[in-house]
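Along the sequence shown, residues carry numbers from 1. Whatever order the structure lists ligands and atoms in, that order sets their numbers, starting from 1.
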Amino acid sequence: MAHHRTFDLLSRLPKVDLHLHLDGSVKPETLLELALHQGIDLPVYDREGLIPHMRVGEECGSLIEYLSKFHFTTRIMQSGEALERIAYEVVQQSAEHNCKYVEVRFAPQLHRNNGLTVEETIHHVVEGMKRGQRDFGVRGGVIAICMRNHSCQSNLEVIEAAAQFVGKGVVAVDLAGDEAAYPPEFFREVFAESTRLGIPVTIHAGEAAGAVNVYEAVTNLGAVRIGHGVRLKENRSILEMVKERRIPLEMCPISNIQTKAVSSWEAYPIREYLEQGLLVTINTDNPSVSGTDITNEYRVLSDRFGFTAPELVKLIMNGVDAAFLDEADKLLLRREMENEISSLGVSL
Ligand SMILES: [Zn+2]
């Protein structure tokens, strides 16, 4: 009975998701339809059969293996129509889990095989999210990703295009890809440009490499949030810096276990980070690759770490504090969430 009540509460609590990749959030039925429509070959042509090609299991060995799953979805995401539809469906799926706000990230340069410009890719994702917001009432923002294995020039194009959409759907820029092979110091020139243009920066760091990458991301790339940061615990002074500067960590528990950012649930530092006063947030990363959703992330944390309802609410509201929203919109979102949480009988 108690478990059922918790389950029900977790799905009903209003939530936010700040770290979600567009190409890791494709519904298998959508992939199937788009592939048929576009004449793209698939290994199988049924929804169930596609799932193993799109998803990693417990046996996933590394971030590299995890990232290999994205080639499968990006192939069918080369038209404006496909980008718009998938962005719209991400908002729809967020609404199904009572997410009130979602930040969706994608790498424009990975969607240009059929001739779209960087600006066009961003335009279509923004449009899909706007339509989703109208239909499902979920607010959102787009984060444009620079890729670690791309050239400086290619990444600068992303920054410059993103700048044109600030205030019109784009809320930040990011750096993603193989962290171990491409440390953040390679990208100082790229993110100096985002700083010059006044675009907020979040960086994937401390996931597949150590805490020193978090230090570099914050001090030299201008990161005001960190993607994952799981390995921050390896360096006490860097952890203290992140805490003092109130840099939010976008943690993605299921993904972090699958990519081996930590060796096991026992080693997952979520409770210690929360108790040490770090601004920890909970996110999905890639629902269709990880086989998860935002309710499931909270459920696993609740089961594994015994988080109480007030602790779960604290994690949720950290996400509101960390959102790339201006103060007025953040206040509105906070009030809406607090009212709904109170109406569920959970104290704030
Ligand atoms: Zn990510």
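Cluster partners of L332: none. The rule joins Ile, Leu, Val, Met, Phe, Trp and Tyr whenever side-chain heavy atoms lie under 4.5 Å apart, and it links nothing here.
The ring of F106 has its center no closer than 6.0 angstrom to the ring center of H21.
Taking the centre and axis of the six-membered ring of F191, the NZ or CZ atom of R188 falls outside the cone set by 45° and 6.0 Å. A cation-pi arrangement is absent between R139 and Y101 under the rule of less than 6.0 angstrom and at most 45 degrees off the ring axis. Taking the ring centre of F186 as origin, the terminal cationic atom of R148 falls outside the region bounded by 6.0 Å and 45° from the ring axis.
For the Zn ion (ligand 1), the count of nearby protein N/O/S atoms, taking only those under 2.8 Å, is 4.
Between Y88 and F136, the ring-plane angle classifies as tilted under the 30° and 60° cut-offs.
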